[in-house]
Number of protein chains: 2
Amino acid sequence: MHAPNFNTLCERLQQKAYKITPQRQVIIKALLDNCDQHLSADEVHAIVKEQHPEIGLATVYRTLEICASLKILHQIEFGDGCTRYEFAKGDAHRHHHLICITCGKVTEFDDDLLETLEAWVSKKAGFKIADHQLKLYGYCEDCQHPG
Amino acid sequence: MHAPNFNTLCERLQQKAYKITPQRQVIIKALLDNCDQHLSADEVHAIVKEQHPEIGLATVYRTLEICASLKILHQIEFGDGCTRYEFAKGDAHRHHHLICITCGKVTEFDDDLLETLEAWVSKKAGFKIADHQLKLYGYCEDCQHPG
DNA sequence: TTGCTTGCAAATTATTTGCAATGCG
DNA sequence: CGCATTGCAAATAATTTGCAAGCAA
């Protein structure tokens with residue numbers, strides 16, 4: 001849901017001496033157009049190929065890799081065998097993933113309630129927390145009330 | 001750390017009409033001997049092959065698959081490209097994973113503090129939670145105080 | 001111009017599957 | 001004895017990589 005600005009993203013690439021090639025622009029736009037999804041490399045490639053059949057899957061992988069290394073994208077795995085991507089949010093904007101066991105739908109949920117827990121873990125385990133990832137598996141509203 | 005009883009596990013397999021073959025016994029014992037680790041299929045295979053070189057990787061995969069389907073094992077992914085396994089704990093015994101960004105070590109942390117958060121999400125998002133998975137990325141004690 | 005990028009095909013890695021032989025119950 | 005199970009090799013699937021040609025800066 002959180003959609004960064006296209007030009008800002010390009011600048012962040014340039015700052016690290018990455019060239020703004022047409023392929024990278026197309027891929028980033030595809031991600032922006034679908035920022036409510038959690039696309040896989042293959043899915044990004046499929047979208048991009050519609051208008052630009054010449055773009056190769058390897059280029060998609062390489063672009064996603066760069067964006068992940070620049071913390072523009074986050075990589076997540078929902079257990080379906082491939083890595084998926086979402087735009088990284090700032091530290092202040094934490095969110096979790098609600099994964100429906102029945103239909104597989106993934107919803108995001110914003111909240112900051114983990115703060116207390118993190119403070120506790122930090123103190124108890126001597127572990128300095130930098131990031132977290134919470135997945136909640138269960139049943140979405142549609143699947144709870146079928147028909 | 002949570003180590004179930006070998007015989008109990010065999011009984012659970014038998015109850016579902018799975019045969020207690022020597023291969024399965026060896027694989028389960030390897031998992032029990034390393035219940036403080038989060039082994040991958042390949043790692044289980046390597047351990048098992050030391051004493052039983054005839055056991056194939058496919059058999060390891062198939063056994064892990066069965067155990068996962070019986071909820072004897074949980075599958076987790078730490079982002080290193082392969083599925084890892086740990087013994088499932090009962091609902092009452094929740095735990096999280098602390099993953100060190102520096103050395104990659106995975107520690108477990110028990111706690112029930114997610115209860116409040118789950119109640120909140122449940123109410124706010126209309127999502128019926130069945131299970132959860134929390135990964136905390138950061139720096140373990142050793143990596144915080146090197147040398 | 002010049003080194004970063006790209007597309008393609010081949011290589012890798014994790015996991016699955018087909019099948020004949022084997023063995024648990 | 002019958003059917004689940006096994007080992008092996010081949011098949012998939014996701015991702016990576018080598019390399020010559022192309023292009024952004």
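Chain letters run A, B, ... following the sequence lines, proteins first and then strands; every chain starts at 1. Atom set for the values below is all heavy atoms of this structure, side chains included, hydrogens, waters and symmetry mates excluded.
- Across all strands, B:Leu57 comes closer than 4.0 Å to base atoms (heavy-atom distances).
- Aromatic ring centres of A:His96 and B:His132 lie farther apart than the 6.0 Å criterion allows.
- Residue whose closest nucleotide on DNA chain C sits further toward the 5' end, between B:Pro22 and A:Arg24: A:Arg24.
- Nearest nucleotide to the side chain of B:Glu54, out of D:dC3, D:dT15, D:dG7: D:dG7.
- A salt bridge is absent between B:Lys89 and B:Asp110; no separation between the charged side-chain nitrogens and carboxylate oxygens falls under 4.0 Å.
- Between A:Leu73 and the choices A:Leu39, A:Thr63, A:Leu31, the side-chain contact (heavy atoms from CB on, under 4.5 Å) rule is met once, by A:Leu31.
- The phosphate of D:dC23 has neither OP1 nor OP2 within less than 4.0 Å of any side-chain N or O from A:Thr21.
- Comparing D:dA14, D:dG7, D:dA25 by their closest approach to the side chain of A:Ile20 singles out D:dA25.
- If you run side-chain hydrogen bond (donor to acceptor under 3.5 Å, both in side chains) between A:Arg84 and each of A:Glu77, A:Glu43, A:Gln75, only A:Glu43 comes through.
- Rounded to a whole Å, the CD atom of A:Glu77 is 12 Å from the C1' atom of D:dT15.
- Put simply, the side chain of B:His45 never gets that close to the backbone of B:Tyr61: no donor and acceptor are under 3.5 Å apart.
- Computed from coordinates, the A:Glu43 CD to D:dA13 C1' distance equals 14 Å when rounded to whole Å.
- Note on B:Ser40: nothing from the nucleic acid sits closer than 4.0 angstrom, heavy atoms only.
- Rounded to whole Å, the distance from CG on B:Asp80 to P on D:dT15 is 14 Å.
- Within a 6.0 Å radius of CD in B:Glu54, more than 12 heavy atoms belonging to other residues, nucleotides or ligands are found.
- A distance-only check finds a donor-acceptor pair linking the side chain of B:Ser69 to the backbone of B:Ile66 [under 3.5 Å].
- Not one side-chain nitrogen or oxygen of A:Tyr61 sits closer than 4.0 Å to the OP1 or OP2 atom of D:dT16.
- Protein chain A touches strand DNA chain C; the 5'-most and 3'-most nucleotides with an atom under 4.0 angstrom of its non-hydrogen atoms are C:dG3 to C:dC8.
- B:Lys128 NZ: 12 or fewer foreign heavy atoms inside a 6.0 Å radius.
- Two residues, B:Ala17 and B:Pro53, neighbour DNA chain D, and the one matched to the more 5' nucleotide by heavy-atom proximity is B:Ala17.
- Comparing B:Tyr18 and B:Ala58 by the nucleotide of DNA chain C whose heavy atom lies nearest to each, the residue mapping closer to the 5' end is B:Ala58.
- Note: CZ (B:Arg62) to P (D:dT5) measures 10 Å, nearest angstrom.
- The nearest whole Å value for the distance from the NZ atom in A:Lys16 to the C1' atom in D:dA25 is 19 Å.
- Summary for the helix from C:dT1-D:dA25 to C:dG25-D:dC1: the axes at its two ends, each from 5 pairs, differ by 40° when rounded to the nearest 10 degrees.
- The side-chain hydrogen bond (donor to acceptor under 3.5 Å, both in side chains) pairs that include a residue from residues 5-18 of chain B are B:Asn5-B:Thr8, where partners are two or more places apart or lie in different chains.
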